[in-house]
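Before we start, here is the structure in question, set down as structure tokens.
Both counts, for ligands and for their atoms, begin at 1 and track the order of listing.
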Amino acid sequence: MRRGFNLFSIGGIQISIHYTWFVVLGLVVWSLAVKTFPQMYPDFSRVTIWLVSIVAALVLFVSVLLHELSHSLVANRMGLGIRGITLFIFGGVAHLGKEPDDPGTEFKVAIAGPACSLALAVLFFVAYFVLFLEYGKTPIVAVLEYLWYANAALVVFNLVPGFPLDGGRLLRAILWKRSKDIRRATRIASLFGRGFAILLIVAGLFEIFVTRDLSGIWLVLIGMFLQQAAEGSYQQVLMRNALSGVRVRQTMTTDVVYVGTRLTLVELVESFFFKYRFNSFPVVDGQSLVGMIDLEQVKRVPREEWHAVNVGRVMTPISDELILRPDDDAVDALAKMLKSGWGMLPVADGDRLLGILTRRDVMTLLKMKTDLGT
Ligand SMILES: [Zn+2]
């Protein structure tokens, strides 16, 4: 989800684009130029049609970005700590620092995006209407006509009450406020989300096979994406719920096997990797945690040099992204681990090694807790 590159940042929110977005941009331009605009404006030349299509697709991109930014700005004001937005295949995803912890906040964050799109739709409509009356069917009028329509469609689509669409979040907030049970509220809202997804897929297949219209592929793709998102977000809520309040110190392993910086790679392999069969070890110098080493780093050194190279030279030096604190939240710790790519991270107080936490530790605890329903 996070692979992409950074564009710029606004108010502390990093905006990036996912690679799949370029494919979609291309497809949108193409379908506008081949179908939409030639039908709406048959008098335009081919060059004009392509230019209008490119400009319309790019402004649509900005409209989606503004929609996501509205969510994020409200979320930030509510103290949810949005760090970034990634624009990808069907819109954007805001990286929430944490989920809203009361229904009122959820409602306000969810309504902000559609409200912004609605404002844009009205704005584009007024501009379109005024310019059309004044100048008739010009290229700018064509772009504006498409944009008011596309933004209105964004409002309607996002307000469908299926989680994790905005409408689904509104529904969840309402159910949550009534029942005071976020798990139940999320389950119902995600069921609606999956139902809507299946409806889209069926409608898309109908278009493709019965009415022989290939643009049904869009509906199928959006449906599949939604279906996955509905399932995924529900699982995430279950996980957050099961691990809420669990701290790193409660799950970490305290009898840690660590290695010294001066150890040669031969010794490391023989006396540590082969003996303990862990994939990685914390590296300690004197009393201080200084790095991490794993098999991959050893493999990169030619075998005949192993006796001459020591751990300190090939290890990954320790940094804030690789250290867990005993009072960190287990869910945050897991997120940090996944982001770092390490299966294990050291837990330290200052630079004093207290223990380690492995991905498996957290997952096992999670499985036990969900199995027991606690
Ligand atoms: Zn939205």
Side-chain angles (χ1 to χ4, degrees), residues 1-2 4 7 10-11 13-18 20-21 24-25 28 57 59-78 80-100 102-124 147-176 185-186 189-190 192-194 196-197 200 218-219 221-234 236-237:
M1 283 289 254
R2 302 219 164 163
L7 278 186
I10 303 177
I13 299 168
Q14 176 67 52
I15 314 292
S16 32
I17 299 188
H18 192 266
T20 52
W21 202 84
V24 175
L25 182 67
V28 169
V59 185
L60 177 64
F61 163 77
V62 176
S63 305
V64 171
L65 181 61
L66 288 173
H67 174 117
E68 294 307 325
L69 261 180
S70 317
H71 285 305
S72 304
L73 290 174
V74 173
N76 264 353
R77 192 176 293 171
M78 300 280 167
L80 290 179
I82 305 291
R83 284 164 307 214
I85 296 175
T86 302
L87 289 161
F88 77 124
I89 206 154
F90 300 114
V93 166
H95 306 158
L96 282 172
K98 52 179 184 172
E99 284 279 309
D102 70 284
T105 305
E106 165 121 301
F107 197 93
K108 284 175 206 150
V109 173
I111 199 85
C116 166
S117 296
L118 183 64
L120 286 173
V122 171
L123 203 76
F124 285 127
L147 285 171
W148 88 256
Y149 178 79
N151 274 288
L154 269 179
V155 176
V156 174
F157 179 76
N158 275 294
L159 283 182
V160 170
F163 195 78
L165 292 174
D166 297 336
R169 289 190 170 270
L170 294 175
L171 174 66
R172 177 169 86 154
I174 293 165
L175 294 172
W176 182 7
T186 310
S190 338
F192 273 84
R194 290 165 73 179
F196 178 56
L200 286 179
W218 282 112
L219 292 179
L221 283 177
I222 295 172
M224 281 163 60
F225 166 73
L226 254 187
Q227 152 84 24
Q228 238 179 28
E231 176 67 22
S233 338
Y234 180 50
Q236 214 178 350
V237 170

If you measure from OG1 on Thr105 to CZ on Arg77, what distance do you get to the nearest 0.5 Å?
->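 Between Thr105 OG1 and Arg77 CZ, I get 13.0 Å after rounding to 0.5 Å.
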
Test item: Ile111 and Val74 side chains (from C-beta on) under 4.5 Å apart, heavy atoms =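 No; the side chains remain at least 4.5 Å from each other.
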
Which of these passes side chain to side chain contact (heavy atoms under 4.5 Å, CB included) with Pro114: Asp166, Val156, Leu154?
->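 Of all the options given, the one that passes is Asp166.
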
Please state the angle at the Zn ion (ligand 1) spanned by NE2 of His71 and NE2 of His67: what is it, rounded to 10 degrees?
->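 That angle works out to 100° after rounding to 10°.
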
Gly113 backbone acceptor or donor facing His67 side chain under 3.5 Å =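 Side chain of His67 to backbone of Gly113, a donor-acceptor pair under 3.5 Å: yes, one is there.
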
Of the backbone and side-chain N, O or S atoms of Glu68, does one lie nearer to the Zn ion (ligand 1) than 2.8 Å?
->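 Not a single backbone or side-chain N, O or S atom of Glu68 is under 2.8 Å from the Zn ion (ligand 1).
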
Asp166: which N/O/S atom is nearest the Zn ion (ligand 1)?
->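 Distance check against the Zn ion (ligand 1) picks out OD2 in Asp166.
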
